[in-house]
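Structure, as structure tokens:
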Amino acid sequence: MRFPKAATYLDTTCEVKKWARCYFPGLKYNIQTSNVVESMNSVFKQARKFALLPMIDTIKLVPFVENLLHDICEIASKLTVIELNSFQLEYSVIGPDGKTYVVDLRNKSCICRCFDLDKYPCVHAIAAAMKLKQENRTNEVRDLYDLCSKYYLVELWVLAYVNTIYPVPHKTEWTIPSEIQELYALPPKYNKRKGRIQETRKPSVGERRRKHKRQPGSNLEKWFQSESGSPEQSED
């Protein structure tokens, strides 16, 4: 709708599986790599100023995902959910757009494909999980973290640094080949800009701008309280 000529070009010259992520055969490393890197840079913009160990302490991906799930939970709590198969944990969910979506909690899948590709529950899957929680079937899905990929958990990030990082020896102890010592690398030419260094990236056209950020550690379990402890009555 925004770029008809571009849409016509893609429809006539390219297979849909080559440019639409939802039709790509297999996983395509979440969303575009450059966008992911920029998003993580925004999350870690303060931590990047720290040394290695303090920076690792501030990298908490779970709260980052929780902020997204909190916004989705508010919408999911108002959706109509019908159980289709209690053993396979399949549910029919009427989405905010009025369409019906089939959710498979056991296989972590939804016909909207967002759950399959993003690896954390979509609004339909969360609504189904809330229905499951109301039935007190906690042995099936304990919380929303069970529906998220393990790669969103901070524990997995920490495991990358369990091995000892040894300090670099003094340069007098380095063994450098003679052909390398003969090389001399000139620094790249650049024009130094005046003023304060920009630390954040300017959002490009079409990017979603978040108006607020929830503090890390917000209690996601409030959306799964029983009727006596509804979301309105419980506290973070």
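The figures that follow rest on heavy atoms only: side chains count, while hydrogens, waters and symmetry mates do not. These numbers were taken from a predicted model, which means no experiment stands behind them.
Under a hydrophobic-cluster definition in which Ile, Leu, Val, Met, Phe, Trp and Tyr are linked whenever side-chain heavy atoms come within less than 4.5 Å, directly or via other members, I165 and V168 are assigned to different clusters. Placement of L68 and F115 within a single hydrophobic cluster is found when ILVMFWY residues are connected by side-chain heavy-atom separations under 4.5 Å, directly or transitively. Placement of L89 and I94 in two distinct hydrophobic clusters is found when ILVMFWY residues are connected by side-chain heavy-atom separations under 4.5 Å, directly or transitively.
Each ring pair (Phe, Tyr, Trp, His ring centres under 6.0 Å) pair with one or both residues in residues 175-202, not counting sequence neighbours, would appear here, but there are none. Residue pairs that meet the salt bridge (charged side-chain N to carboxylate O under 4.0 Å, His left out) test with at least one member in residues 92-115, sequence neighbours left out, are R106-E140.
Using a 4.5 Å heavy-atom cutoff, the side chains of S149 and D118 are not in contact. Taking the side chain as every heavy atom from C-beta outward, C148 and K119 never approach each other to under 4.5 Å. A heavy-atom distance below 4.5 Å is not found between the side chains of S109 and V103. Within the 4.5 Å cutoff, no side-chain heavy atoms of V81 are placed close to those of S92. Taking 4.5 Å as the limit, every side-chain heavy atom of W19 sits out of range of all side-chain heavy atoms of T13. Side-chain atoms of L147 and Y120, non-hydrogen and from C-beta on, never get closer than 4.5 Å to each other. Counting only heavy atoms from C-beta outward, the side chains of V93 and T80 never approach each other to under 4.5 Å.
Applying the side-chain contact (heavy atoms from CB on, under 4.5 Å) rule to P169 yields the partners E173, W174; only residues at least two apart in sequence or on another chain are considered. Partners of E135 by side-chain contact (heavy atoms from CB on, under 4.5 Å), not counting sequence neighbours, listed by chain and number: E83, Y91, K131, L132, R137. Not counting sequence neighbours, the partners of P177 by the side-chain contact (heavy atoms from CB on, under 4.5 Å) test are E179, I180.
The heavy-atom pair separating C73 from I126 by the smallest distance is SG-CG2, 3.7 Å. The minimum heavy-atom distance between Q88 and N85, with the atom names listed, is N-OD1, 2.9 Å. Contact detail for L79 and G95: the closest heavy-atom pair is CD2-C, 4.0 Å. In plain terms, the two heavy atoms of I72 and C122 that are nearest each other are CG2-C, 4.1 Å. For the pair C112 and H124, the tightest heavy-atom approach, listed with the atom from each and the gap, is SG-ND1, 3.6 Å.
Through direct or relayed side-chain contacts under 4.5 Å between Ile, Leu, Val, Met, Phe, Trp and Tyr, V102 connects to L84, Y101, I111.
Summarising the geometry, atom OG1 belonging to T8 is positioned 13.0 Å from atom CZ belonging to F3; distances are rounded to the nearest 0.5 Å. Note that CD of E74 is 13.5 Å distant from CG of L69, once rounded to the nearest 0.5 Å. The distance from atom NZ of K5 to atom CG of L10, rounded to the nearest 0.5 Å, is 14.5 Å.
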